Amino acid sequence: MIEIELDGKKIDIVEGSMIMHAAEKAGSYIPHFCYHKKLSIAASCRMCLVDVEKMPKPMPACATPVTKGMVVRTKSEKAVKAQKSVMEFLLINHPLDCPICDQGGECQLQDLAVGYGGTSSRYEEEKRVVFHKDIGPLISMEEMSRCIHCTRCVRFGQEVAGVMELGMSHRGEHAEIETFVGQSVDSELSGNMIDICPVGALTSKPFRYSARTWELSRRKSISPHDSTGANLVVQVKNHRVMRVVPFENEAVNECWIADRDRYSYEALNGEQRLTAPMIKQGGEWKQVDWKTAMEYVAHGLQSIKSNHGANSIGALVSPHSTLEELYLAGALVRGLGSQNIDYRLRNAQFEADAPGGRYLGMPIAALSTLQSALVVGSNLRKDHPLFAQRIRQAARAGCTVSVVNATAFDWALPVRHVSVSPSGTWVQTLADIAASIAVEKKIDAPQAGKPSELTNAIARSLIKGERKAVLLGNAAAHHPQAHSLLALANWIADQTGAHVGYLTESGNTVGAQWVGAMPGPGGLNAGQMLSGALKAAILLNAEPEFDAAGGTDAVAALKKCEMVLTLSPFKANLDVSDVVLPIAPFTETPGTFVNAEGRVQSFHAVVRPLGEARPAWKVLRALADVLGLPGLGFDSAQEVLQQIQTGHVSDAPQWVPANLLSNAPSRTVPVSGLDIEPCVAAIYQIDSIVRRAPSLQLTADARTTQMQEVAA
């Protein structure tokens, strides 16, 4: 640490830091455009010029290292005059169209021009014009004349998203930010470029011209899509979600969100929203009131229980549902006398006594500092965009990333060792890695394996260093030999001192385990329920055609049920359901999600439910009342959460965080003859909301998925 003086204050700062860092520590604001705390230093805008004693001219605060005894003045006459001169240059070619700019009211240039801009311009020549570019369905580049060439968007692509999709061409007044050869911007994190653009050059296409920033109310929420649990600010106008932006939480999502977190809100007010209860009569759907629908459902469930027994009733629940909804769904089914409830719709292997909780087993933030990582069965970049960018940070700092996958995916980060083989051979591949570790450490391997040059390299990378992890992806979790993969991953981690964990698929996969949304003693798992074992099925936020491993086979099995009840915000499962009840999505209900690291995050409704939709926890509680089931008379979602935290549903398998995935039995399983490929959702097919977001379905990732489905 060294001491400097900044605006009369003595500041202790790490040697090698820049003046800007010292100013941030001291709480002194220095105007800037190109500097961003998460990006490399470009020093291109020069707005941060400050007065440094003994320096003949003002120096850029973002690019000037501190030295012992340095005296800095950020608000002296010399500094302010330099800053005003830079502002005058920046405004020379700026169109000055604030009244019609989408960024008006939240524009960094607009704000600083008030303090550092002149009342008139000395520039009388014609301003330059930059023609707009079409770079895809998410980001608008209609007004690139506003661009001040700070290059934040370029650096974001290179350093955070891992793909340089934007760059600066030409020089001087001809310089432009653009894609090359007319390509689109296809990164799954691309929307963050809008947030970091300090002017109105990059704006949101779906949001464009729909509201002004001062008209919007800002409300905190949590993303339901993947297991990051990204913190959101949902912006609302007239009880309608207009825009979603990140809420900074360094421990979870830093200051970024994935595009599916940002743009999926479009589905919330789409044509597919279900706004009233519906019952199918004579093959025709008819809208009914809530009382009629609830009585119809209660009568049907009681009749089926009487005729076929309670074990013929089951619930298939989505792990994108809230903790409270999952708890009450389980309590409802168990209250009817059944143990048939499961959230693992995409799994190919189930085991009632599988020990411990399937979760990350380490803080999300720790992914950024890993020195070695082995990732098994994951398209990391598309399945978990924000986890991928953290591991990308680690890789840029020297982390050795090794992969076992069926396809060599482009993760936009340096991958050192790649084992590409059919999913049916992954157990053998991990056994080979274990054998290499056993040779290195001179111990016995857990099962027969054949060390190779590749597995030896992976083993050595895991043995050395201190911060390392074995991470099991969605394909590993849904694998026909999921438990054998976990057993070997545990052995590898134990012998190398690594963390082991699942990346986990959905916004509440961990929460579903906590509240026991899995079959109890004698209960049927999702695979059995979707194979025709039920007479009555309750589908909570689930669409088996898209969410289940069986797909069309699952739909065919449900068609044989005497009654199928769907609770969804959308007109879903209409071909298999007898009753559909409109429930509120995450923006219209209070609730709780538990992310991959086990972080419990509660949120409130940001808008009122659309039409006759009701929060699912209220619907399930009311249905329990109609059925005469005791103990579920909760008056708020907070009461449900308190019940979860203090007590559990009897006979439900419990998730024990302390287990940390350990003690899984190691067993040898045949590795041939396995023709079942793990069921993994594509990036914009992961849940019912994302599937119905129009702009996301126009992206390159979505089009690729659609073409693959057509080809299949």
Side-chain angles (χ1 to χ4, degrees), residues 221-225 227 229 268 274 277 290 294 297 314-336 338 340-345 505-518 526 537-544 547 565-570 572-573 579-595 600-606 609-610 613-627 629 631-645 647-649 652 655 687-689:
S221 191
I222 304 296
S223 170
H225 304 305
S227 57
L268 303 177
L274 182 65
W290 271 102
M294 298 297 268
V297 171
L316 296 154
V317 296
S318 167
H320 299 280
S321 306
T322 68
L323 202 64
E324 295 80 358
E325 293 164 1
L326 293 167
Y327 174 87
L328 288 171
L332 177 72
V333 169
R334 292 185 176 98
L336 288 168
S338 172
N340 304 334
I341 180 170
D342 210 344
Y343 76 92
R344 301 166 296 178
L345 275 67
E505 180 182 45
S506 306
N508 216 10
T509 297
V510 177
Q513 299 171 69
W514 183 17
V515 298
M518 294 178 286
I538 300 170
L539 306 178
L540 174 61
N541 277 319
E543 297 177 80
D547 296 333
L565 165 63
T566 291
L567 294 88
S568 173
F570 304 102
N573 305 323
V579 186
V580 288
L581 301 180
I583 60 172
F586 76 104
T587 52
E588 300 169 14
T589 180
T592 304
F593 292 129
V594 185
N595 71 1
V600 179
Q601 301 185 106
S602 294
F603 54 92
H604 298 287
V606 300
L610 186 66
R614 296 290 181 267
W617 73 268
K618 285 188 176 182
V619 175
L620 292 165
R621 182 202 63 184
L623 183 55
D625 287 344
V626 177
L627 287 165
L629 304 180
L632 300 180
F634 301 103
D635 293 325
S636 68
Q638 288 75 17
E639 284 188 20
V640 183
L641 180 60
Q642 288 172 4
Q643 173 65 19
I644 294 168
Q645 292 172 329
H648 299 283
V649 183
W655 178 69
D687 61 59
S688 60
I689 299 177

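Basis for what follows: all heavy atoms, side chains included, without hydrogens, waters or symmetry-related copies. Starting from 1, each residue takes its place in the sequence as its number. Keep in mind it's a predicted model, so treat the numbers as computed, not measured.
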Item checked: Nearest heavy atoms of Ala329 and Ile341, plus distance in Å -> C-CD1, 3.9 Å
Item checked: side-chain hydrogen bond (donor to acceptor under 3.5 Å, both in side chains) against Asn573, all qualifying residues, sequence neighbours excluded -> Thr566
Check: Can you name the residues that form a side chain to side chain contact (heavy atoms under 4.5 Å, CB included) with Ser506, not counting sequence neighbours?
Finding: Pro319, His320, Thr509
Margin query: Could you check whether any side-chain heavy atom of Glu325 comes within less than 4.5 Å of a side-chain heavy atom of Leu567, counting everything from C-beta outward?
Written below: no
Next item on the list: Please assess Ile644 against Thr592 for the test side-chain contact (heavy atoms from CB on, under 4.5 Å), listing each intermediate value before the final yes or no.
Entry: CA-CA 11 Å; Ile644 294 168; Thr592 304; over 6 Å; no
Checklist line | Any side-chain heavy-atom pair of Leu316 and Leu539 under 4.5 Å | finding: yes
Item checked: Test side chain to side chain contact (heavy atoms under 4.5 Å, CB included) applied to Ala613 - qualifying residues, sequence neighbours left out -> Arg273, Pro582, Pro609
Next item on the list: Mind checking side chain to side chain contact (heavy atoms under 4.5 Å, CB included) for Ala512 and listing every partner two or more places apart, or none if nothing turns up?
Entry: Leu326, Tyr343, Ala517
Notebook entry, point to check: Can you name the closest pair of heavy atoms from Asn541 and Ser568 and give their distance?
Noted result: OD1-CA, 4.4 Å
Next item on the list: Applying ring-ring contact (aromatic ring centres under 6.0 Å, His included), name anything that partners Phe586, two or more places apart in sequence or on another chain.
Entry: none
Margin query: Please give me the minimum heavy-atom distance between Pro590 and Ala637, naming the atom from each residue.
Written below: CG-CB, 3.8 Å
Notebook entry, point to check: Does any non-hydrogen side-chain atom of Ser227 lie less than 4.5 Å from one of Asn595?
Noted result: no
Notebook entry, point to check: With side chains defined as the heavy atoms from C-beta onward, is the minimum distance between Thr322 and Phe593 less than 4.5 Å?
Noted result: yes
Checklist line | Residues forming a side-chain hydrogen bond (donor to acceptor under 3.5 Å, both in side chains) with Asn508, sequence neighbours excluded | finding: none
Check: Taking only residues two or more places apart in sequence or in another chain, which ones pass ring-ring contact (aromatic ring centres under 6.0 Å, His included) with Phe570?
Finding: none
Item checked: Taking every non-hydrogen atom, the tightest pair across Pro585 and Ile689 -> CB-CD1, 4.2 Å
Next item on the list: Would you mind reporting whether Val640 and Tyr327 have side-chain heavy atoms less than 4.5 Å apart?
Entry: yes
Margin query: Test of understanding: with side-chain hydrogen bond (donor to acceptor under 3.5 Å, both in side chains), list the residues that count as partners of Glu543, not counting sequence neighbours.
Written below: Arg691, Arg692
Notebook entry, point to check: Do His604 and Gln638 have side-chain heavy atoms sitting under 4.5 Å apart?
Noted result: yes
Checklist line | Backbone of Ala526 reached by a side-chain donor or acceptor of Asp342 within 3.5 Å | finding: yes
Next item on the list: Mind listing the closest non-hydrogen atom pair of Ala605 and Thr589 along with its distance?
Entry: CB-N, 3.5 Å
Checklist line | Closest contact, heavy atoms only, Ala542 versus Leu345 | finding: CB-CD2, 3.9 Å
Check: Between Gln601 (side chain) and Ile222 (backbone), is there a donor-acceptor pair under 3.5 Å?
Finding: no
Check: For Asp687, which residues count as a salt bridge (Lys or Arg N to Asp or Glu O under 4.0 Å) partner, sequence neighbours excluded?
Finding: none
Would you tabulate the side-chain donor-acceptor contacts of residues 618-627 under 3.5 Å, counting partners in other chains and residues two or more places apart, or write 'none'?
from: Arg621; atom 1: NH1; to: Phe634; atom 2: O; distance (Å): 2.6

Notebook entry, point to check: Under a 4.5 Å cut-off applied to non-hydrogen side-chain atoms, are Ile583 and Leu540 in contact?
Noted result: yes
